[in-house]
J.: 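Below you'll find the structure I mean.
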Amino acid sequence: MFSQGSQMWMGGTHATNLIEVTDDASRLDDGSFWAVSISFEGKATFARFADIAHSDFPSASWKPLDAQWISSQSQSQYISYVSAIRHIIAAGGVYQVNACRQLRHDLQGNPSLTGLFSELLKGNPAEFACYLKVDDLEIASASPERFLSRNGSGILTSPIKGTITQNEDVFGDKDKAENLMIVDLMRNDLGRICETGSVEVSELFRHEKHPGITHLVSDVSGKLREGISWNEIFAAVMAPGSVSGAPKSSALSIIGENEGVRGPYCGTLGWIHGDRAELSVAIRTFWTTGDSVLRYGTGAGITWGSDPAAEWEETQLKARHLISIAGGEL
């Protein structure tokens, strides 16, 4: 019924033998192992696998790409987008917006993304790296960002806001202000699903080093209300605050008007098994949807203090290392 190539791998957990695919979040409460992909716009793919093992990802070969990546926005278009956001902030319509663009490249004969994911694991190891293949959807992610980790009633989110090069040591006021905005947003989101008084900022402004860059990260934790369903959890927290903005509803409106559909990029990706889960924010992510086109997203958080040209450079910085692994010209 399903393709033998269907599988999910994350953090040494390897799921095979696909037996069900649905978009119904109520199915996630049955105690089975489910791979999860929810797009930024909320399109859900939940895949139930029968066989779960703990192993290395089965390596495959990848033919490096060799042409120019095409951006959904040129440098001048992106700078104009950032400038427009700053004007909206000045008028009081929003405080912060994550502005993204997408890159695309022909697969050039590569039959799947298993080889690319193998290369990502070697060249850009990431805590929340994940591979998923279900039907026409194939994702190879090197995400460094936790969206939700759940263990029983305990839940944790670790938003990333703030990026500097690996040669820098100090985050500026803009980065810290941006991080604080999203921490407050995530406290509010978790407050909708957690017991009153249980939500706390367990760590603020942690420095995390990754290949080529350093991120500013904070942790927000809480205790889930008894009997809460996964449907209720996703209704409260999607789309991820760190890749949307604040207030979230205003930011989502601006993003939809200017970017179109992000798809799997900036959604969530990972697994759920009963009352345990590991879900990433699907950044640093390549994906295909059955059309022989490889896509990759990159973005930056925009505040009033943003310099439009510098934000373009941040999107280049975030893309440069992973694009060098896939091949092609940025």
Side-chain angles (χ1 to χ4, degrees), residues 1-22 28 32-39 45-66 105-147 149 210-211 263-265 267-274 276-297 321-328:
M1 179 179 176
F2 295 108
S3 167
Q4 290 186 346
S6 298
Q7 59 178 312
M8 190 229 66
W9 187 96
M10 186 181 194
T13 297
H14 190 202
T16 55
N17 191 7
L18 178 63
I19 53 179
E20 179 183 354
V21 178
T22 182
L28 302 174
S32 299
F33 183 96
W34 293 87
V36 172
S37 172
I38 306 178
S39 76
T45 299
F46 304 128
R48 182 162 63 99
F49 287 90
D51 297 331
I52 313 300
H54 296 280
S55 64
D56 293 337
F57 183 75
S59 62
S61 61
W62 174 255
K63 178 184 176 183
L65 308 176
D66 59 14
H105 195 295
D106 189 90
L107 276 172
Q108 293 187 327
N110 284 292
S112 77
L113 303 189
T114 54
L116 176 56
F117 188 65
S118 296
E119 295 300 319
L120 293 177
L121 291 176
K122 290 186 289 186
N124 193 100
E127 183 175 0
F128 299 99
C130 183
Y131 173 86
L132 177 65
K133 173 72 171 71
V134 176
D135 297 331
D136 288 335
L137 177 64
E138 188 175 16
I139 304 173
S141 175
S143 175
E145 183 171 357
R146 171 189 289 110
F147 181 40
S149 291
H210 301 272
Y265 172 60
T268 188
L269 180 67
W271 59 264
I272 289 170
H273 193 183
R276 296 187 62 241
E278 287 290 352
L279 299 166
S280 71
V281 178
I283 56 173
R284 314 290 196 275
T285 294
F286 297 90
W287 76 98
T288 64
T289 55
D291 56 2
S292 298
V293 176
L294 182 63
R295 292 174 172 85
Y296 180 85
H321 182 64
L322 268 71
I323 292 298
S324 73
I325 293 173

J.: Closest approach of S143 and A126, non-hydrogen atoms and distance?
T.: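 Looking at all heavy atoms of both residues, the closest pair is O-CB, 3.4 Å.
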J.: Please list, chain by chain and in numerical order, all residues satisfying salt bridge (charged side-chain N to carboxylate O under 4.0 Å, His left out) with D51, sequence neighbours excluded.
T.: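 Expected list: none.
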J.: Considering non-hydrogen atoms only, spot the tightest contact between P144 and R284 and give its length.
T.: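 That closest heavy-atom pairing would be CD-CG, 3.7 Å.
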J.: For F33, which of F46, F49, W271 qualifies under ring pair (Phe, Tyr, Trp, His ring centres under 6.0 Å)?
T.: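 Among F46, F49, W271, the one meeting ring pair (Phe, Tyr, Trp, His ring centres under 6.0 Å) with F33 is W271.
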J.: Name all residues meeting the side chain to side chain donor-acceptor pair (under 3.5 Å) criterion together with T114; count only those two or more places apart in sequence or in a different chain, and write none if there are none.
T.: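 Side chain to side chain donor-acceptor pair (under 3.5 Å) list for T114, sorted by chain: S112.
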J.: Side chains of residues 286-294: which donor-acceptor partners sit under 3.5 Å, not counting sequence neighbours?
T.:
residue : atom : partner : partner atom : Å
D291    : OD1  : V293    : N            : 3.2
D291    : OD2  : R295    : NH1          : 3.1
D291    : OD2  : R295    : NH2          : 3.3

J.: Let me see the working for I38 and F147 under side-chain contact (heavy atoms from CB on, under 4.5 Å), right down to the final yes or no.
T.: CA-CA 12 Å; I38 306 178; F147 181 40; over 6 Å; no
J.: Please tabulate, for side-chain N and O atoms in residues 53-63, each donor-acceptor pair with protein atoms closer than 3.5 Å (sequence neighbours left out).
T.:
residue : atom : partner : partner atom : Å
W62     : NE1  : A326    : O            : 3.0

J.: So, does D135 use its side chain to make a donor-acceptor pair with the main chain of L137 at under 3.5 Å?
T.: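 No, the answer is negative, given that no donor and acceptor are paired below the 3.5 Å cut-off.
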J.: Output yes when a side-chain donor or acceptor of S280 lies under 3.5 Å from a complementary backbone atom of R146, and no otherwise.
T.: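 No.
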J.: Do any N or O atoms from the side chain of S324 and from the backbone of L322 form a donor-acceptor pair under 3.5 angstrom?
T.: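 Answer holds: no.
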J.: Report yes or no: does E145 contribute a side-chain atom to a donor-acceptor pair with the main-chain N or O of V281 at less than 3.5 Å?
T.: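 Not at all, since once roles are kept as given, no pair shorter than 3.5 Å links the two residues.
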J.: Shortest non-hydrogen contact from V134 to S6?
T.: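 Looking at all heavy atoms of both residues, the shortest contact is CA-OG, 4.3 Å.
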J.: List the residues meeting salt bridge (charged side-chain N to carboxylate O under 4.0 Å, His left out) with E278, not counting sequence neighbours, and say none if there are none.
T.: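 Expected list: none.
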J.: Angle class for the W9/F117 ring planes (parallel below 30°, perpendicular above 60°, tilted otherwise)?
T.: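 Rings of W9 and F117: perpendicular, as their planes differ by over 60°.
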J.: Considering residues at least two apart in sequence or located in another chain, which fulfil the side chain to side chain donor-acceptor pair (under 3.5 Å) criterion with R48?
T.: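 R48 satisfies side chain to side chain donor-acceptor pair (under 3.5 Å) with E20 once adjacent residues are dropped.
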J.: Taking all non-hydrogen atoms of both residues, which atom of I325 and which atom of E119 are closest, and how far apart?
T.: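 Distance-wise, the nearest heavy atoms are CG2-CB, 3.7 Å.
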J.: For A15 versus I52, what's the shortest heavy-atom pair and its separation?
T.: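 The pair with the smallest heavy-atom distance is CB-CD1, 3.6 Å.
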J.: Just do the side-chain contact (heavy atoms from CB on, under 4.5 Å) check on N124 and H321 with the steps written out, would you?
T.: CA-CA 8 Å; N124 193 100; H321 182 64; 2.9 Å; yes
